[in-house]
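Step one of this worksheet: look at the structure below.
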2 protein chains.
Amino acid sequence: MKKVITVNRQFGSGGREFGKRLAEKLGIAYYDSEIISEIAARSGLAVEYVNNIVEHKPIIYYPITIGRTFVTHAPQPLDFNTRIYNEQHRLIRELAEKSDCVIIGRCADYILGDIRPLRIFIYADMPVRLERCRQKAPVDEKMTDKQLVRHIEEIDKGRSEYYKYFTGKKWDDMKHYDLCLNTSSTPIKTLAESLSYLIQNGCI
Amino acid sequence: MKKVITVNRQFGSGGREFGKRLAEKLGIAYYDSEIISEIAARSGLAVEYVNNIVEHKPIIYYPITIGRTFVTHAPQPLDFNTRIYNEQHRLIRELAEKSDCVIIGRCADYILGDIRPLRIFIYADMPVRLERCRQKAPVDEKMTDKQLVRHIEEIDKGRSEYYKYFTGKKWDDMKHYDLCLNTSSTPIKTLAESLSYLIQNGCI
């Protein structure tokens with residue numbers, strides 16, 4: 001088995017947990033927020049800034065800090081979004097070349113298209129996503145269900161727009177994936193173990 | 001295991017073969033074109049007419065034959081489409097109540113929503129669908145690739161419009177399904193066996 005697996009996921013669907021468990025079961029590397037930290041380190045931009053760009057529709061604006069330095073001079077006419085995307089592109093290719101791995105989000109399915117990764121999309125029904133977000137929310141979280149649904153939809157909208165901007169494709173269109181899994185009715189652990197079994201046995 | 005499985009499928013994706021193999025592996029009933037024949041028998045409409053309605057966007061028009069009788073009297077202002085859908089609705093519920101089964105298409109996922117079937121959508125990349133159609137085409141098939149792609153897209157459009165008309169939902173939107181499988185890279189046989197294994201072991 002030689003496998004690079006990309007996992008795109010709706011917010012609150014358990015995609016991250018699924019990816020992590022799958023990587024553990026397969027004994028391969030797992031990359032998620034580490035990608036953001038590394039892009040920040042390479043580009044000299046703040047982690048929060050990079051994260052904000054990667055989770056939203058790219059627009060041309062300027063970071064308050066570059067690395068840890070407060071920007072006091074006038075910003076250069078540079079598209080930081082593209083700079084971040086280019087770093088992301090290079091980094092993801094390096095990771096995939098280094099070893100088998102699971103990569104969460106960040107257009108990795110598109111960036112690695114030529115090496116044919118196993119492209120998975122994880123999603124769930126809204127009530128399940130709502131419940132999952134409630135469980136993971138800080139104890140002082142005061143959002144109503146309606147506000148939380150709007151919050152979930154906004155995060156997905158950001159991911160979708162970022163994906164569309166750099167790949168030209170619709171983020172949640174099944175045709176860009178090999179497998180789309182609804183996590184509403186089956187525990188994430190079971191789904192990850194099942195998929196791991198299929199991958200290890202060359203069934204997918 | 002108590003399971004009713006619905007399979008919606010893009011034309012040329014191998015969804016029918018997948019469903020048939022899955023039913024065989026699980027040792028449960030399989031319903032496909034039998035549904036059309038039975039609706040025709042119950043409604044007194046010709047098989048070809050019923051099939052034409054079920055594979056297209058419903059419009060109000062009249063069958064040339066009712067059963068085997070040529071219609072010589074003026075047509076009644078009856079919506080044959082709704083009549084067919086109602087028969088289909090009743091029949092699919094009867095089949096699902098009778099025993100575990102795999103049902104291909106015909107809005108079964110929607111009709112059986114309350115009993116929570118395992119809802120699968122089968123799809124594939126266009127070059128793979130084209131090749132599959134070529135293999136299954138009659139030897140005198142003379143369509144160019146371009147014509148065949150248009151033919152495939154038209155059939156899917158018909159299915160999509162029929163689904164939309166009766167369910168109000170987008171046919172190829174992953175959120176209506178539990179599992180969406182791209183058959184482009186893995187043999188149908190392997191996919192069906194894999195899924196059968198997961199179902200039998202309660203993993204999905």
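Below, chain A is the first sequence line, B the second, and so on; all start at residue 1.
Of all heavy-atom pairs between Ile111(A) and Arg106(A), the closest is CD1-O, 3.7 Å.
Using a 4.5 Å cut-off between heavy atoms, Asn201(B) makes no contact with chain A at all. Of the atoms belonging to Leu198(A), it is side-chain heavy atoms, and not backbone ones, that fall under 4.5 Å from chain B. Both the backbone and the side chain of Tyr177(B) come within contact range of chain A, each with at least one heavy atom under 4.5 Å from a heavy atom of that chain.
Here OH of Tyr31(A) is found 5.5 Å from SG of Cys101(A). Values are rounded to the nearest 0.5 Å.
Side-chain contact check for Tyr123(A) and Asn8(A): no donor-acceptor pair (N or O, by modelled atom type) lies under 3.5 Å. Looking only at atom types and distance, the side chain of Asn51(B) has no donor-acceptor partner in the side chain of Tyr49(B) under 3.5 Å away.
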